Amino acid sequence: MAPTTRNRGTNSSGSDKPDKFANAGAAAGGFVGGLGSSIAPPINITLNRTTNNSNGSGGGGQGNRPHAEALLPSPEFGSPAQVRQYCNTLRTAAVALSIEVAMGAEILKGVLAAVPDPQGRTFGSRIRAQKVARKMQRSADAMRDAAKNAAACYSAFQQEFEEEINRVRHRARRPQVPQMNWSQQ
């Protein structure tokens, strides 16, 4: 007895399954394309542009980039909340800057790797670009460490001055509302 075989169509990927949805995409595309000219959804575009025209000191060719004073609040440490705010702001700024500098290091490496090597070595420009970008990557790592140290600073502050903080917290608690004792009637 000869083995029975099924006569299945094969799709473009070479599998045994029939390609029953082969023209479904084209049909849907034609349907949507046909409707595209008759149905126009309302589109609203809002552009907000903020310009800073103050010409402060520092960085001649920097344009309107914020200065270091704009990244951090003033170092006033009159309360635990101000210490926490300063440390959190420093940590946030350091994390953002470390990401920016790390991206800058990768872009610098890519740009410098495209410069042809003067001696014609095969990977000479890539090696030189890596040496240069490594210094900028170390700067990004240092900024990431600064963010860690800012968080550790507030943690150390809480540990070292726990007694003073708790003393003020205890005093700052809301007075307890007298509880009604329903068992005494």
Side-chain angles (χ1 to χ4, degrees), residues 10-15 17 19 21-33 35-37 39-77 82-158:
T10 59
N11 60 14
S12 60
S13 63
S15 70
K17 296 183 181 178
D19 203 5
F21 297 111
N23 295 325
F31 177 72
V32 172
L35 286 179
S37 61
I39 299 174
I43 297 175
N44 296 328
I45 299 174
T46 304
L47 297 175
N48 294 328
R49 183 175 176 203
T50 304
T51 58
N52 185 3
N53 293 330
S54 62
N55 292 332
S57 62
Q62 295 271 337
N64 289 332
R65 297 202 45 127
H67 299 288
E69 305 91 48
L71 293 176
L72 295 175
S74 60
E76 296 173 3
F77 303 116
Q82 288 178 329
V83 174
R84 185 184 66 241
Q85 178 195 14
Y86 191 84
C87 290
N88 282 342
T89 307
L90 175 61
R91 179 186 55 80
T92 303
V95 166
L97 286 173
S98 72
I99 292 169
E100 287 291 323
V101 172
M103 287 174 48
E106 289 298 318
I107 292 169
L108 179 67
K109 184 169 51 173
V111 168
L112 294 179
V115 175
D117 188 53
Q119 283 86 25
R121 294 176 292 179
T122 308
F123 296 107
S125 59
R126 285 188 188 178
I127 293 169
R128 294 184 314 153
Q130 180 63 33
K131 286 180 183 179
V132 174
R134 187 179 303 135
K135 300 296 182 184
M136 192 175 291
Q137 184 60 46
R138 285 185 183 167
S139 296
D141 294 342
M143 287 183 192
R144 190 183 68 232
D145 291 340
K148 289 178 189 176
N149 287 328
C153 174
Y154 183 68
S155 176
F157 168 72
Q158 282 184 315

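Given the structure is predicted, the values throughout are model-derived calculations rather than measurements.
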- Query: Is any side-chain N of the basic residue among R138 and D141 closer than 4.0 Å to the acidic one's carboxylate O?
  - Reply: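 No salt bridge links R138 with D141.
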- Item | Exceeds 12 heavy-atom contacts within 6.0 angstrom, atom CZ of R128 |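 Yes, enclosed.
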Return the [atom1] to [atom2] distance between [X] and [Y], rounded to the nearest 0.5 Å.
X    : Y    : atom1 : atom2 : answer
Q130 : L108 : CD    : CG    : 10.5 Å
Q85  : E76  : CD    : CD    : 9.5 Å
Y86  : F157 : OH    : CZ    : 14.5 Å
T89  : R84  : OG1   : CZ    : 10.5 Å
L112 : I127 : CG    : CD1   : 14.0 Å
M103 : S98  : CE    : OG    : 11.5 Å

Would you name the heavy atoms of [X] and [Y] that are closest together and state the gap between them?
X    : Y    : answer
A102 : A140 : N-CB, 3.6 Å
V101 : M136 : CG1-O, 3.5 Å
A133 : A105 : CB-O, 3.6 Å

- Any donor-acceptor pair under 3.5 Å linking the side chain of S125 with the backbone of A113?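 At least one qualifying donor-acceptor pair exists.
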- Query: Looking at side-chain heavy atoms only, is the closest gap between V95 and R144 below 4.5 Å?
  - Reply: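 A side-chain contact is absent here, since even the closest heavy-atom pair is not under 4.5 Å.
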- Any side-chain heavy atom of Y154 within less than 4.5 Å of one from N88?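 They are not in contact (no side-chain heavy atoms under 4.5 Å apart), so the answer is no.
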